[in-house]
A.B. asks: 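Pasting a structure below so you can have a look.
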Amino acid sequence: MKPLGPIPPGFTAIDGELAIAGRKASAIVAEAGRTPLFVYDRALLDARVVQLRAAMPQRLAIHFAVKANPFGPLLSHMNGLVDGFDIASGGELALVEAVGIDPAAVSFAGPGKRDDELELAIAKGVTLNLESAREAERALAIANRLGVVPRLAIRVNPDFDLKGSGMKMGGGAKPFGVDADKVPALARRLVDAGADWRGFHIFAGSQALDAAAIIETQAQTLELAARLAEQAGVALPKCNLGGGFGIPYFPGDKPVDIAAVGAALAERFAQLPAVLQDTRFCIELGRYLVGEAGVYLTRVIDRKESHGDVYLVTDGGLHHQLAASGNFGTVVRRNYPSAIATRFDAPVEEEASVVGCLCTPLDRLADKGGFPRAVEGDLVAIFCAGAYGASASPMMFLGQGPAAEILI
Ligand SMILES: *Cc1c(COP(=O)(O)O)cnc(C)c1O
């Protein structure tokens, strides 16, 4: 038997069944009308932000990275919880606008922004996190043509990365951001061109669970920001310190010690160099805010045995849960937390693999896990499904189409 990842806190059993937000999984499926279904729990989203704010210095604003979960009702809910939104495309700009998010609270990072995307963002007053000197020139030219003052920040490619992070986004050659040594000159250029200068965006990595690594990266980020601002001879109205707080997906993973991160950051904030005294700081988090609040429910269509192995064949799969199948940036496939939702408090009775309905051996949601004996019609729950699920999976593969989504 292979171990399953840890089920996040906040889920209970009612009449033996998994309950999400105090409601039985089968009742939520009945309301949504079908499986596969992503369920996002409002109360868990609220609690997460409350805990985070309590741990972090008050001076630190909290932004949501939309790409982790762009589901409209969830975005709308997050609008009441966080201080800003980070988007990575014109498509995401349309999504945040559709739910009434103020463009002034939005920043736009990401390589390869097209002219039409730059134009829309500039016209609406979104802050652009510029990824290159050429992008900066295109943005200035577009703003000039529109006759508006663009809000411009520079995304810095730092000369370090976030240690232990699942995806490294800084350090060495990268398509993201402007190399640190070229940043001071570009900052001067933007200020001289009359842009509304917004400062730096420094993102060093993702999915780190080690508080010490996050603390070290934040310290390095603050030092780099101060050094670059001094070299440029410009003030720093804002500084986005990145994020990278991970969540426990796999056996043995432990949650980030956010109290330690917050305490260390408060200490740093108490001794900022002069050039950062008036700077407004934020972090941008995706999976940490929403990942554990989501559950993917899929129904067992067939139970079969092959050479003695049990397969629970479901109506879901990697077309909605690429990450859980181990095909989204993981090197070694390990099991996400999962359970038979309709037998949530039953003891482990057998070893079974949960597979999807796609005709590929990659389509495996749980590999040789220990489960109660499940049959056709049972619901399987895959936890930690609130981030990089629905929107980060190839839903059109094999003509399957999207899963349903619901915020409760
Ligand atoms: C993807 C991304 C994030 C969010 O990462 P999480 O691991 O979900 O917290 C934040 N900022 C930038 C620039 C990103 O590309």
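For ligands, and for the atoms within them, numbers begin at 1 and follow the listed sequence.
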A.B. asks: Tell me which one of Tyr296, Phe328, Phe397 satisfies ring pair (Phe, Tyr, Trp, His ring centres under 6.0 Å) with His320.
C.D. replies: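 Considering Tyr296, Phe328, Phe397, a ring pair (Phe, Tyr, Trp, His ring centres under 6.0 Å) with His320 is found only for Tyr296.
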A.B. asks: For ligand 1, note which part of Tyr288 has a heavy atom under 4.0 Å away: side chain, backbone, both or neither.
C.D. replies: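 For Tyr288, no heavy atom sits under 4.0 Å from ligand 1.
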A.B. asks: So if I count the atoms of ligand 1 from 1 in the order they appear, which ones are less than 4.0 Å from some heavy atom of Tyr388?
C.D. replies: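 Contacts of ligand 1 toward Tyr388, numbered from 1: 1 (C), 4 (C), 5 (O), 6 (P), 8 (O).
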A.B. asks: Could you list which atoms of ligand 1 come closer than 4.0 Å to a heavy atom of Ser206?
C.D. replies: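 Per the distance check, 5 (O), 6 (P), 7 (O).
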A.B. asks: Just jot down the ligand 1 atoms closer than 4.0 angstrom to any heavy atom of His201, in number order.
C.D. replies: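 Every atom of ligand 1 under 4.0 Å from some heavy atom of His201: 13 (C).
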A.B. asks: Going by the salt bridge (charged side-chain N to carboxylate O under 4.0 Å, His left out) test, which pairs reach into residues 218-236, not counting sequence neighbours?
C.D. replies: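 Sorted result for residues 218-236: Glu223-Arg268.
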A.B. asks: Side chain or backbone of Ala109 under 4.0 Å from ligand 1, or both, or neither, by non-hydrogen atoms?
C.D. replies: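 Contact part for Ala109 vs ligand 1: neither.
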A.B. asks: Ring of Phe281, cation from Arg59 - is the NZ or CZ under 6.0 Å from the centre and inside 45° of the axis?
C.D. replies: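 The answer is no, since Arg59 fails at least one limit relative to Phe281.
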A.B. asks: Taking 4.0 angstrom as the limit and counting only heavy atoms of Ala65, give me the atoms of ligand 1 inside it, by number and element.
C.D. replies: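 Result: 3 (C), 4 (C), 10 (C).
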A.B. asks: Ignoring angles and geometry beyond distance, decide whether Gly286 reaches within less than 3.5 Å of ligand 1 through its nitrogen or oxygen atoms.
C.D. replies: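 Such a contact does occur with ligand 1.
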A.B. asks: Who passes salt bridge (charged side-chain N to carboxylate O under 4.0 Å, His left out) against Asp46, sequence neighbours left out?
C.D. replies: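 Partners of Asp46 by the salt bridge (charged side-chain N to carboxylate O under 4.0 Å, His left out) criterion come out as none, since no residue qualifies.
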A.B. asks: Can a donor-acceptor pair be found between the side chains of Asp367 and Asn335 at a distance below 3.5 Å?
C.D. replies: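 Absent: no donor and acceptor within the cut-off.
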A.B. asks: Near Asp278 CG, under 6.0 Å, is it more than 12 heavy atoms from other residues, nucleotides or ligands?
C.D. replies: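 No, not enclosed.
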